[in-house]
Amino acid sequence: MRRSIARALIRPLALAATVTAIPLGSTPPAVADSVVVGGFPIDVSEAPWTVALASRDLFGGTRAGQFCGAVAIGRSTVVTAAHCLAEEVLGAPPDGLRDLKVIAGRTDLLSGQGQEIAVREIRVNPAYDVTTNSGDFAVLGLAGSLPQSAVVAMAGPGDPAYAPGTEAVVSGWGDTTGAGRYARRLRAARVRVLPDDLCARAYPGGPDGTYRARTMLCAGEPAGGPDGCQGDSGGPLVAEGRLIGLVSWGSGCGRPGLPGVYTRVSEVVRALHPATSARARPSTHA
Ligand code: ARG
């Protein structure tokens with residue numbers, strides 16, 4: 001199990017990435033966590049905000065360099081998991097990474113469908129905590145534009161889509177088995193938002209992380225089954241048409257009593273639009 005990936009030192013940084021796609025061929029994907037256990041194949045048009053984070057320099061060309069998911073939240077902005085950019089995942093600090101890109105509009109990683117766009121800027125959440133995994137998000141600026149139709153709205157603080165019981169869909173190219181079988185074609189799984197206390201009990205603090213309801217979201221099926229998995233990290237959990245979570249961590253994949261833990265997207269909204277979300281919260285003065 002790749003517990004170690006969230007343990008690297010991460011710092012905010014800016015990066016000028018130039019695209020030098022050098023397929024290295026046979027490097028096995030040293031992928032973070034994989035996609036969607038208990039899921040089903042989808043076409044990218046059904047979840048066009050799902051993009052792949054890729055580096056052929058680091059991970060080889062066998063899966064187009066895909067190693068994490070990411071989500072289009074603006075025409076030239078995507079969000080992903082902070083831990084995807086950890087030195088332990090990349091094998092190098094991300095500022096040394098010359099060919100980091102997102103692949104959008106592509107179902108089959110090895111097809112020529114869609115676009116590959118270079119990542120121009122990386123902003124890792126300065127509040128990301130590698131011990132608990134709290135605040136596991138990073139915002140990436142792209143060198144080109146995605147179609148507006150690919151952009152998904154984020155659910156802000158107080159959005160009803162965060163309510164336990166809400167049906168949600170997680171999508172990505174990650175492990176479909178929990179045993180390192182990485183998908184070549186995009187997949188999705190249906191899960192439900194679960195009560196915070198379920199994850200708080202499952203993850204009171206251990207090597208995998210500690211559940212923090214303020215910054216994390218608990219989702220899956222109580223009996224196990226559908227779940228995100230290694231390689232899906234940074235990818236979307238969408239409910240009621242809005243982005244509520246980013247695949248972050250879990251103990252294994254799809255195991256009973258061990259739900260998936262997602263970055264709570266309202267925290268991303270707060271970080272990006274502090275004034276707006278402050279107004280949306282109950283005033284302390286009233
Ligand atoms: N940390 C994994 C990654 O880097 C994601 C794990 C998600 N696990 C889960 N059971 N939902 O890709």
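Nothing fancy with the numbering, it's 1 onward along the sequence. Ligands are counted one by one from 1 in listed order, and the atoms in each one are counted from 1 as well. Predicted model, so just to flag it, every value in this text is computed and none were measured. All heavy atoms count here, side chains included; hydrogens, waters and symmetry mates do not.
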Would you check if Ser233 and Val247 make a side-chain contact, meaning some heavy-atom pair closer than 4.5 Å?
yes

Numbered atoms and elements of ligand 1 in range of Asp227, under 4.0 angstrom, heavy atoms
9 (C), 10 (N), 11 (N)

Is it the case that the ring center of Tyr262 lies less than 6.0 angstrom away from the ring center of Trp249?
no

Any heavy atom of Ser248 under 4.0 Å from ligand 1? The part involved is backbone

Which atoms of ligand 1 sit under 4.0 Å from any heavy atom of Val247?
5 (C), 7 (C)

For Gly260, take its heavy atoms, then give the atoms of ligand 1 lying under 4.0 Å from any of them.
11 (N)

Starting from the C-alpha separation in whole Å, work towards a yes-or-no answer on salt bridge (Lys or Arg N to Asp or Glu O under 4.0 Å) for Glu116 and Arg106.
CA-CA 9 Å; Glu116 299 194 4; Arg106 185 176 298 173; 3.0 Å; yes

Less than 4.5 Å apart, any side-chain heavy atom of Val44 and any of Gln113?
yes

Could you establish whether Gly69 and ligand 1 come within less than 4.0 Å of each other, counting only heavy atoms on the residue side?
no

Counting from 1 in the order shown, the ligand 1 atoms closer than 4.0 Å to a non-hydrogen atom of Gly252 are 9 (C), 10 (N)

Rounded distance (nearest 0.5 Å) linking atom OG of Ser248 with atom CG of Leu237
12.0 Å

Are the side chain of Thr80 and the backbone N or O of Gly69 linked by a donor-acceptor pair below 3.5 Å?
yes

Ligand 1 and Ser251, any nitrogen or oxygen pair closer than 3.5 angstrom?
no

If the cut-off is 4.0 Å to any non-hydrogen atom of Cys253, which atoms of ligand 1 fall inside it?
10 (N)

Does some non-hydrogen atom of His83 fall short of 4.0 Å from ligand 1?
yes

Which heavy-atom pair separates Trp173 from Arg184 by the least distance, and what is that distance?
CD1-O, 3.5 Å

